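There's a structure below that I have some questions on.
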Amino acid sequence: MTRILITSALPYINGVKHLGNLVGSQLPADVFARFCRARGLETLALCATDEHGSTTELAAAEAGQDVAAFCAVQHAQQRATGDAFGLSWDYFGRSSSPQNHELTQHFARQLWKNGFLDVRTSRQVYSNADKRFLPDRYVIGTCPHCGYDRARGDQCENCTRVLDPVDLISPRSAISGSSDIEIRDSTHLFLKQSEFVPRLREWIASHEGDWPVLVTSIANKWLDEGLHDRGITRDVEWGVPVPDDIADGALKGKVFYVWFDAPIEYIGCSMEWAASRDTPDAWKSWWFGDAAKDVTYYQFMGKDNIPFHTVGFPVTLMGAGEPWKFVDRLKGFNYINYEGGKFSTSQKRGVFMDAALEILPADYWRYYLMANAPESSDSNFTWDHFAGVINKDLADVLGNFVNRVTRFCVSRFDGKVPAGGTYGDEEQALIAELDQRVSACAGCFEALEFRKALAELRAIWVAGNEYLTRAAPWTAIKTDPARAAVGVRMGLNLVHLFGHLAWPVIPESARRIHAAIQPAPDIIPWPKEAMAGFLEQLTPGQPIHPPEVLFSKIAEEQIAEWKLRFGGS
RNA sequence: GGCAGCGUAGCUCAGCGGUAGAGCAGGGGAAUCAUAAUCCCUUGGUCGGGGGUUCAAAUCCCUCCGCUGCUACCA
């Protein structure tokens, strides 16, 4: 039996994430994790906050908090919001954990020992007013090429040329605005990525076809353009310290670059998970050596993260010279736009996770986002489209099906699964269709094709409505009660089925649907047997319980209100 | 500038060498169990423009136009 390891790109600690962040990483990872658990596979789903770096320091300063305290608060908030969204990680860790500190230093020592780290000195901009080195983009000045006076040190927004901050004319700090800055030499560790190009090429080529084109093309582009060695240390305070035994303490006081330690936290997080269960070594069989041979490892991320997972992190693992587990299936997503523009954290444009849950239950968002996941290209969120999908798919097609069957059962069959009659041609045809569709749906989930999986799920709900219309128990009951009993019994079995199939995507609603028939287990399993058996398992006479309205419809006035509140077109 | 992706019915998208598809929206009808929810039928596209390869192209090649993303010390 294969075990399933799942990680989603780590959300940065800097505030609540918007739906665009969610749809490309944590949400599909959760849907897939639930699907795997529903199939009875041993599954470990991990995520964590990515906490280090200068951006965190500045955000904490802005919030008037100590960095560690700021991160603790933000981490707790992200975990709470994720829980509320139904994100069922086995563990939600922190890149600042002791485990990750230790592991990051371990990888650095291995790389150093194996000769893949260079000590190099480079010129960095230092701000006397801010008492810190400035990242390139935090240096502002006049562009030497076009004369634009607010060019950033990494790139001029006006002429789009890539810049070096030391070339800016009259440079100043973007943090304080002070022009009291100077160029200082600073020593850093560089990871010799260029030595790994052949191995990376071979590894990436081995995944052509099972990774999305988006992923392999981005990865190959980096290799084709010539992989630069990469600085993996920074002159900031909030991070994993470089140990003194590397380069004879030449890097004293410096920390590792966030992009070095963040992916390592995938492993660190599993150590946190193991520690939390008092089985401190349990993480190892998921990651290391022959013990992890039966593990299939899935990563989920937005396209901005792809280079770091196809190049940066693999180099760390290769260079360590130890038998670490590499990703098997890497699922990358495009972006989702908001009402024709970008979701933007800095401009507070779009819908953020906490605000989303204030106005509607998590399942509405989960369904919509997965049904419209930006898999082949960027997708668009608009309030009108969102409301249309929720009202039609969830309220009308699924919710109303459950409602009409269960209520009819109450009014004409005393609220009990009716006995009498046997399945005939109509039922056999439905069973044949569902056998095909349920396995197609599972196949789409396995292939990480979420849009198609949800389209199939919806088609299954539609098949239920079609059947009910043909069976028409409300008509049959006048002349042929046994025939009506068959229709309702099948209808109730379908409700039971829908409660199972929907659980990975809309867990809370699936639980309520399941509860209409009987209490739901914690993990609602994906059907193992053929539909013929699955759709005949309810016991005649067992009571059913029509749920309250499963999905209330979104009204025009609400859409108007939300467009105003969140800023629409 | 370079690289990549996309451009298919009003909208959101699938198809990626063999007589144009789905969902929504629009039109007509059936049914009345149900959150006026469902079901059936149906209108609608010279598949961004042009050129080429092929018996055959939305599907392969070239070119042009448009949109988007990435471009490496913010993550």
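So you know, we letter chains A, B, ... as the sequences are listed, proteins then strands, and number each from 1. As the structure is a computational prediction, the values presented were derived from the model and not from experiment.
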Listed once per pair and sorted, the ring-ring contact (aromatic ring centres under 6.0 Å, His included) pairs that draw on residues 391-412 of chain A, sequence neighbours left out: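 Non-adjacent pairs meeting ring-ring contact (aromatic ring centres under 6.0 Å, His included): A:F401-A:F498.
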Gap in Å between the two C1' atoms, one belonging to B:rA75 and one to B:rC16, rounded: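 That atom pair is separated by 36 Å.
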Contact class for A:G399 (heavy atom, under 4.0 Å): base, sugar-phosphate, or nothing?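 Contact class for A:G399: base.
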Does a donor on one side chain and an acceptor on the other come within less than 3.5 Å for A:T121 and A:D185?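 Short answer, no.
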Do the numbers put A:K17 on top of the ring of A:F352, so that NZ or CZ is under 6.0 Å from the six-membered ring centre and no more than 45° off the axis?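 Geometry flag: not set, cation outside 6.0 Å or 45°.
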As a test of reading the structure: which of B:rA34, B:rG69, B:rC33 is closest to the side chain of A:K303, going by heavy atoms?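 Between B:rA34, B:rG69, B:rC33, the one nearest the side chain of A:K303 would be B:rG69.
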Within 45° cone and under 6.0 Å: A:K192 NZ/CZ vs A:F196 ring: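 Because its charged atom misses either the 6.0 Å distance or the 45° angle limit, A:K192 does not stack over A:F196.
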Given the rule in the side chain to side chain donor-acceptor pair (under 3.5 Å) test, do A:N372 and A:S379 qualify, once you have shown the distances and angles that lead to the verdict? CA-CA 7 Å; A:N372 297 285; A:S379 69; over 6 Å; no
Taking only the P atom of each, what is the distance from B:rG48 to B:rG15 in whole angstrom?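 Their P atoms lie roughly 15 Å apart.
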Whether A:W474 stacks on the six-membered ring of B:rC33 base, 5.5 Å and 30° limits: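 The base of B:rC33 is stacked with A:W474 (centres under 5.5 Å, planes under 30°).
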When all nucleic acid strands are considered with a 4.0 Å heavy-atom cut-off, which category describes A:L550: base, sugar-phosphate, or nothing?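 Counting heavy atoms under 4.0 Å across all strands, the contact made by A:L550 includes a base.
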Salt bridge check, A:E339 against A:K563: does any charged N sit closer than 4.0 Å to a carboxylate O?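 Result for this pair is no, no salt bridge flagged.
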Spell out protein contact along nucleotides 37-42 of chain B as letters: B when the base is contacted, S when just the sugar-phosphate is, - when no protein heavy atom is under 4.0 Å; keep the 5' to 3' order. BSSS--
Each nucleotide in nucleotides 2-12 of chain B should get exactly one letter: B, S or -. Can you fill that in based on protein heavy atoms under 4.0 Å? -SSS------S
RNA chain B in dot-bracket form (Watson-Crick or G-U pairs under 3.5 Å, [ ] crossing, | inter-strand) is ((((((((.[[[[.)..(..]]]].(((((.......))))).....[[[[[..)....]]]]])))))))....
Listing time: all N or O pairs from protein to nucleotides 73-75 of chain B that are below 3.5 Å?
| unit_1 | atom_1 | unit_2 | atom_2 | d |
| --- | --- | --- | --- | --- |
| B:rC73 | OP2 | A:R230 | NH2 | 2.9 |
| B:rC73 | O4' | A:R234 | NH2 | 3.1 |
| B:rC74 | OP2 | A:R137 | N | 3.0 |
| B:rC74 | O2' | A:T55 | OG1 | 2.0 |
| B:rC74 | N1 | A:R137 | NH1 | 3.2 |
| B:rC74 | O2 | A:R137 | NH1 | 3.2 |
| B:rA75 | OP2 | A:Y257 | OH | 2.8 |
| B:rA75 | O3' | A:D50 | OD2 | 2.6 |

Got a sec, which pairs hit side chain to side chain donor-acceptor pair (under 3.5 Å) with one end in residues 48-61 of chain A, sequence neighbours left out?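 For residues 48-61 of chain A, and leaving out neighbouring residues, the side chain to side chain donor-acceptor pair (under 3.5 Å) pairs sorted by first residue read A:Y12-A:T56, A:T49-A:E51, A:T49-A:H75, A:E51-A:R94, A:E51-A:S96, A:H52-A:D261, A:E57-A:R132.
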